[in-house]
Amino acid sequence: MSRRWALVILAVVSLAIVVSAVMTACESGSASRSMSDSEVVRVESTFGVDGRATDAQFDELWIISRDGIEPDPDLNNDRFDLAGGNTEAFIGASQANARSDGSVRRQRGTSDGPEVAFQRAELSRSARLGAAPLDGRESPDRLPVPGAGGLITQGRDGTGFVHVPLDHTEVDANINGHVASVNVRQRFQNPYDTKIEAIYVFPLPADAAVNGFLMTIGDRRIRGIIREREEAERIYNAARAQGHVASLLSQQRPNIFTQKVANIEPGKRIDIDITYFHTLSYSDGWFEWVFPMVVGPRFNPVGAPDPVLANPRGQMAPQGATGVTYMRPEERSGHDIGVTIKIEAGVPIEELICRSHVVEVSRYSETNATVALSPLDAIPNKDFVLRFRVAGDQVRSGFVTQRTDAGGYFSFMLIPPLDLAATQRGPMEMIFVLDCSGSMNGEPIRQAKSAVERVLKQLRPEDSFQIIRFSNNALALGTAPLEANQNNVRRGLKYLDSLNGSGGTMMIEGIKAALDFPHDPRRLRFVCFLTDGFIGNEAEILSAMAPRLKDSRVFSVGIGSSPNRHLIARMAEIGRGVAAYVGPQDDAAQIMDQFFLRVSHASMTDVQLEFDGAADVEYFPSRSFDLFVGRPIMVTGRFEGESPQRIVARGTIAGEERIVTAFATDATNRTALGPIWARTKITSLSNQALETRDGDFKNEIRNLALEHGLVSAYTSFIAVDSLSRTEGDHGVTVTVPVPTPQGVRYDTTVGK
């Protein structure tokens with residue numbers, strides 16, 4: 001395209017946007033009032049230009065029936081008979097914005113006048129891309145959209161540009177001590193010439209207590225409500241069919257979520273805000289905050305229930321299945337991400353490090369800082385990992401309490417005693433289990449091999465070791481652990497050097513081979529799994545571990561830029577060990593030195609907690625646990641009656657009883673601990689469900705999530721714009737394609 005035509009199109013688009021804003025403003029305000037330039041600016045703020053419009057919210061209750069969506073006549077009534085009449089479900093609180101001049105803007109223009117001009121200008125720019133129908137078949141009168149196979153424009157660097165309905169993600173986190181509150185804004189925009197439904201599969205931290213959901217359409221905001229998953233899906237499908245803009249947030253795994261947004265009109269924008277709380281991990285004086293950006297392609301064994309499918313762009317997942325759509329390596333989309341973290345550590349911050357991304361750091365005091373992701377590193381294809389080190393021994397325990405109308409809550413970070421590092425270990429047995437599947441091909445397998453090599457060279461002659469590799473099957477270096485003499489270590493290094501990544505990820509075979517291996521009771525046994533965790537059958541893996549553990553301790557090491565942190569952490573939790581992660585920019589030798597430091601010294605075992613001043617306490621993890629050098633345990637609890645004044649932790653080190661005491665302080669964030677406790681209990685109940693079939697875990701998890709307003713496997717957030725309808729049916733379904741994680745090969749994980 002010549003420069004002249006590019007300028008013409010740009011001028012048309014700009015003029016259309018201005019005209020559209022003016023016409024929208026006229027529809028929104030009084031019919032007899034003329035619009036001034038300043039009022040046009042205020043209207044433009046609904047498009048995110050200057051944000052000067054003020055909010056005036058009001059609550060309304062809406063119901064959905066076979067005759068449509070109507071307001072509930074009783075604004076204060078949040079319950080009614082779902083079985084009576086033709087009422088199907090409760091929709092929730094609909095909130096509207098007032099413009100700064102006091103008038104309430106109900107809706108934007110639909111398909112007349114300048115809106116069409118704006119849409120057609122967009123179509124000229126985007127090569128007039130159409131969309132594929134909901135069932136995945138190509139429409140006879142439209143070209144398919146990206147995500148269902150379609151046209152792409154060619155970039156100057158030779159890459160193909162894919163138009164996607166997700167334009168931008170903005171992450172804002174506030175860290176107070178060891179608790180983080182995070183808001184994630186997903187900006188959906190329809191670049192096509194037809195109404196669409198957008199579906200986006202994305203990750204969040206596995207321990208995220210997701211308890212906030214807001215849908216913004218122009219200058220109106222609709223706050224989502226939590227409902228049982230099946231009920232939320234029925235509401236969403238009914239609203240979608242009736243032409244209402246609706247959004248649905250569901251959990252597929254503790255760290256994988258699906259966002260659906262229905263009836264996005266051409267050229268229109270819809271923002272979705274997701275809010276969650278979680279606690280930071282702490283290791284060797286460093287706090288760590290992680291935001292995952294992309295779901296890695298999963299391997300699903302034949303017959304695995306509820307798989308997470310890895311689909312090339314152009315291939316849709318079967319109805320009801322969870323599928324992540326991946327762009328080819330030569331393709332790029334306009335979707336980018338912004339991340340801002342405000343830290344109030346409470347103690348001096350000695351150092352801030354982000355090896356995963358380029359960041360800009362602003363220090364306001366010795367305890368406060370702001371970290372922002374550089375716009376030049378905004379492609380969401382790897383985990384964002386921020387670490388900050390606090391001064392000396394000032395963080396010896398983190399015992400904070402909080403009182404609410406629903407009860408009292410606390411969070412306790414139990415730091416290992418200082419003399420733990422002085423107690424030497426006895427002989428040990430090291431079992432290394434390496435993931436050698438196709439997703440590990442390249443840099444991941446190189447890092448995993450380097451990590452094992454580092455530990456092998458530190459073993460003593462009285463130790464023993466074994467190396468097990470798994471992909472489509474599992475193979476070991478020998479039939480029994482080998483003594484760690486020089487000849488056997490050289491043999492192990494040679495075997496290690498021969499390994500490469502290819503094939504599937506039959507991790508269950510690696511679990512069985514490692515934990516069923518003959519064990520020498522004279523040695524402490526440590527099983528170290530090194531994997532990216534890209535599997536879809538996590539439940540099968542975790543349920544197979546518990547009955548096989550016996551005296552083994554499991555240390556799991558996540559490899560790569562976007563490992564399955566849910567699986568890695570849960571393996572270590574069930575295995576009474578600790579988890580570690582080796583990213584592309586990390587020094588594998590340094591991380592494995594820290595790992596070996598932990599296993600080379602005695603742990604504080606069978607730790608039990610006593611609470612001074614509280615009559616009734618429920619906390620998680622509830623079973624006895626172990627403390628390792630430099631790695632604390634995070635405990636979250638709920639209490640009735642008086643607040644506990646102190647916690648006493650009793651455990652054993654080398655056969656001798658040890659005691660650690662911590663005194664309570666008030667929580668800085670007075671709304672976070674309740675949702676965090678509920679999410680931790682849900683994790684504990686899920687672990688129990690994996691280990692035993694006894695107990696009604698599903699109902700207990702569902703009721704707990706409903707009580708605390710949390711997304712879970714059995715509850716979802718639903719929001720419906722009940723004040724207006726779009727024209728026509730719900731349009732076509734467009735899946736948001738994502739890049740494969742940095743360092744992961746597309747050809748060995750997604751497409752051939």
Side-chain angles (χ1 to χ4, degrees), residues 59 61-66 69 72 77-94 197 199-201 204 206 208-215 222-242 244-262 272-277 305-306 319-322 406 539 674-690 695-722:
D59 293 337
L61 299 182
W62 294 83
I63 58 175
I64 183 169
S65 68
R66 293 186 180 91
I69 295 181
D72 185 348
N77 179 21
D78 61 356
R79 294 180 179 274
F80 46 85
D81 184 9
L82 296 181
N86 60 3
T87 299
E88 292 182 1
F90 168 70
I91 286 295
S94 175
E197 174 193 37
I199 299 180
Y200 177 41
V201 180
L204 289 176
V210 181
N211 71 334
F213 188 76
L214 185 70
M215 179 172 70
I222 298 96
R223 192 167 299 280
I225 57 171
I226 201 75
R227 284 294 179 266
E228 293 187 31
R229 182 167 180 154
E230 293 79 6
E231 180 185 352
E233 290 174 349
R234 286 196 299 270
I235 295 171
Y236 175 81
N237 290 332
R240 182 186 68 172
Q242 295 180 22
H244 296 280
V245 176
S247 53
L248 177 70
L249 177 66
S250 302
Q251 175 185 305
Q252 313 304 330
R253 296 289 192 276
N255 63 335
I256 301 178
F257 295 77
T258 296
Q259 179 68 67
K260 294 183 178 181
V261 185
I272 303 295
D273 283 81
I274 301 166
T275 304
Y276 66 86
F277 299 104
D306 189 26
Q319 186 71 25
T322 301
I676 289 174
W677 171 82
R679 182 67 182 188
T680 307
K681 182 173 181 178
I682 288 173
T683 299
S684 179
L685 292 171
S686 300
N687 286 344
Q688 294 178 53
L690 293 172
D696 191 2
F697 296 108
K698 177 178 179 180
N699 283 333
E700 194 170 355
I701 291 172
R702 181 186 59 214
N703 293 338
L704 184 65
L706 289 173
E707 177 187 353
H708 289 268
L710 298 179
V711 177
S712 72
Y714 311 112
T715 54
S716 299
F717 265 119
I718 174 69
V720 176
D721 177 16
S722 48

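Model, not experiment: these values are computed from the prediction.
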Subject >> Backbone of Val711 reached by a side-chain donor or acceptor of Arg679 within 3.5 Å >> reply: yes

Original post:
Between Thr258 and Gln252, what is the shortest heavy-atom contact and its length?
Top reply: OG1-NE2, 3.0 Å

**OP:** Taking the side chain as every heavy atom from C-beta outward, state whether Met215 and Val245 have any pair of such atoms under 4.5 Å apart.
**Re:** yes

Subject >> Exercise: identify the closest heavy-atom pair between Phe213 and Ala719 >> reply: CE2-CB, 3.9 Å

**OP:** Could you check if a side-chain atom of Phe717 sits within less than 4.5 angstrom of a side-chain atom of Leu214, using non-hydrogen atoms only?
**Re:** no

**OP:** Kindly compute the distance separating CD1 (Ile718) from NZ (Lys260), expressed to the nearest 0.5 Å.
**Re:** 10.5 Å

Original post:
For Ala209 and Pro675, which heavy atoms make the closest approach, and how far apart are they?
Top reply: CB-O, 3.4 Å

Original post:
Which atom names give the shortest non-hydrogen contact between Ile701 and Tyr714, and what distance separates them?
Top reply: CG2-CD1, 3.8 Å

Subject >> CD1 on Ile226 to CZ on Arg702, rounded to 0.5 Å >> reply: 13.0 Å

Original post:
How far does OG1 of Thr715 sit from CD of Glu230, to the nearest 0.5 angstrom?
Top reply: 10.0 Å

Subject >> Closest heavy-atom pair and its distance - Leu690, Ala539 >> reply: CD2-O, 3.7 Å

**OP:** Begin from the C-alpha positions of Trp677 and Leu704 and carry the test side-chain contact (heavy atoms from CB on, under 4.5 Å) through to its verdict.
**Re:** CA-CA 10 Å; Trp677 171 82; Leu704 184 65; 3.9 Å; yes

Subject >> Main-chain N/O of Gln259 paired with Ser247 side-chain donor or acceptor, under 3.5 Å >> reply: no

Subject >> Validation row: Glu197, Tyr236 side chains within 4.5 angstrom (heavy atoms) >> reply: yes

Original post:
Does the side chain of Val720 reach to within under 4.5 Å of the side chain of Ile222, using non-hydrogen atoms?
Top reply: no

**OP:** Using a 4.5 Å cut-off on heavy atoms from C-beta on, say whether the side chain of Leu685 contacts that of Lys681.
**Re:** yes

**OP:** Report the distance from atom CD1 of Ile225 to atom CD of Glu231, rounding to the nearest 0.5 Å.
**Re:** 7.5 Å

Original post:
Would you call Asn211 and His708 a side-chain contact if the rule is heavy atoms closer than 4.5 Å?
Top reply: no

Original post:
Shortest non-hydrogen contact from Ser716 to Leu249?
Top reply: CB-O, 3.1 Å

Subject >> Arg229 side chain to Ser712 backbone, donor-acceptor under 3.5 Å >> reply: no

**OP:** Take Thr322 and Arg253 through the test side-chain contact (heavy atoms from CB on, under 4.5 Å) and record every step on the way to the result.
**Re:** CA-CA 10 Å; Thr322 301; Arg253 296 289 192 276; 5.8 Å; no

Original post:
When you measure from the side chain of Ser684 to the backbone N and O of Thr680, does any donor-acceptor pair fall under 3.5 Å?
Top reply: no

